[in-house]
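Accompanying notes for the structure given below.
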Protein chains: 2
Amino acid sequence: MTSGLEPTDRAILRELSADGRCSFTDLAERVGLSVSAVHQRVRRLEQRGVVQGYAARLDGDQIGLGLTAFISLTPTDPAAPDDYPQRLRHLSQIESCYSVAGEESYILRVRVASPAGLEDLLRQIREAAKVATRTTVVLSTPFENRAPAL
Amino acid sequence: MTSGLEPTDRAILRELSADGRCSFTDLAERVGLSVSAVHQRVRRLEQRGVVQGYAARLDGDQIGLGLTAFISLTPTDPAAPDDYPQRLRHLSQIESCYSVAGEESYILRVRVASPAGLEDLLRQIREAAKVATRTTVVLSTPFENRAPAL
DNA sequence: AGTGAAAGGGCGTAGCG
DNA sequence: CGCTACGCCCTTTCACT
């Protein structure tokens with residue numbers, strides 16, 4: 001049980017992680033298979049949900065979202081129902097939401113335009129979810145979202 | 001100064017964030033432009049570095065990397081040079097590396113197969129970078145890497 | 001499950017408004 | 001900077017192995 005994934009599929013996933021817009025023709029060449037065989041395998045990987053989708057990676061500075069931060073959430077009312085993701089989903093500045101073990105309950109990764117935008121977002125988060133927040137500002141990002149080790 | 005980005009470009013980026021493999025023909029239809037005009041704009045966005053690339057989003061469980069964690073780094077030797085990203089880059093389990101303000105110096109997002117894999121990775125990180133680590137294990141991921149608010 | 005061929009459509013460059 | 005035009009390449013399917 002290595003992960004129920006064949007070497008060929010892993011090679012395909014490696015390529016698509018590095019270049020999500022790679023053509024089937026190139027893909028076929030790189031993994032040493034015919035075009036139609038690769039096509040079939042990619043469709044199966046998509047249907048099984050191994051490939052959940054494709055996304056462009058954008059430069060935060062250039063799209064006017066130059067400030068990244070991590071926000072840890074601690075519930076203020078221990079009796080409240082745990083529906084925080086639902087309560088926070090509408091805030092589009094929150095790009096990722098993780099439920100975690102440890103002192104805090106959730107970790108959010110957010111992107112905003114400025115300190116003022118961060119202040120505003122924190123206010124909205126506290127209001128929507130009734131939580132205490134702890135914020136860690138990102139100064140720079142040496143690397144991000146690298147391709148996983150397949 | 002909204003961000004030096006035209007509404008049309010923002011529309012294109014929104015589409016490519018949601019579906020990175022979207023054809024130029026579809027893209028043109030959705031943003032209300034001709035195919036070649038869209039093509040030209042996308043090329044410019046790529047050249048300017050606004051679009052840094054395209055990647056497939058993979059299901060961690062199904063690729064044998066079902067355990068995600070955040071690892072905070074604190075230097076043990078205050079006099080050591082700050083070249084931690086260089087020292088850690090070769091560890092492919094580390095998908096993201098952020099330099100942060102606050103008590104710790106760096107936050108890493110990592111993906112491993114199991115608790116044993118996490119233990120092994122922590123050992124390698126301490127060895128390579130001479131740092132103290134604080135690890136927060138992810139229990140579940142309500143949402144991740146959503147398209148930014150353009 | 002992989003191959004090869006064939007039909008259809010998208011890609012990408014060119015030239016012009 | 002956007003549109004039309006056109007040739008090439010890629011995508012997608014099908015019958016065969």
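So that the names make sense, note that chain A is the first sequence line, chain B the second, and so on, each numbered from 1.
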* Structure fact -> On a heavy-atom basis, the closest approach of Pro85(B) and Phe143(A) is O-CE2, 4.1 Å
* Asked: Distance check: side-chain N/O of Arg43(A) vs OP1/OP2 of dT12(D), anything under 4.0 Å?
  -> no
* **Rounded distance in Å - CG (Leu33(A)) to C1' (dG4(C))** => 13 Å
* Asked: Within the structure shown, what part of the strands sits under 4.0 Å from Ala37(A) by heavy-atom distance: base, sugar-phosphate, or nothing?
  -> base
* **Side chain of Ser36(A) (C-beta onward), nearest among dC11(C), dG2(C), dT3(C)** => dT3(C)
* Structure fact -> Gln40(A) atom CD is separated from dA1(C) atom P, nearest whole Å, by 7 Å
* Within the structure shown, what part of the strands sits under 4.0 Å from Val35(A) by heavy-atom distance: base, sugar-phosphate, or nothing? -> base
* Is Arg87(A) reaching over with its side chain to a backbone N or O of Ala128(A), donor-acceptor style, under 3.5 angstrom? -> yes
* Starting at CG of Leu27(A) and ending at C1' of dC9(D), how long is that distance when rounded to a whole Å? -> 16 Å
* Structure fact -> Looking only at dG2(C), dG10(C), dT11(D), the nucleotide nearest the Thr25(B) side chain is dG10(C)
* **Value in whole Å for how far the C1' atom of dG4(C) lies from CD of Glu29(A)** => 16 Å
* Answer yes or no: does a side-chain N or O of His39(A) lie under 4.0 Å from OP1 or OP2 of dT12(D)? => yes
* To do: Would you mind checking if Arg123(B) and Glu127(B) are paired as a salt bridge, meaning a charged N to carboxylate O distance below 4.0 Å?
  => yes
* Structure fact -> One should read off an interatomic distance between Leu16(B) CG and Arg30(B) CZ, to the nearest 0.5 angstrom, of 9.0 Å
* Separation of Phe24(B) atom CZ from dT11(D) atom C1', in whole Å? -> 15 Å
* **Length of the line joining Asp26(A):CG and dG10(C):C1', which is rounded to integer Å** => 15 Å
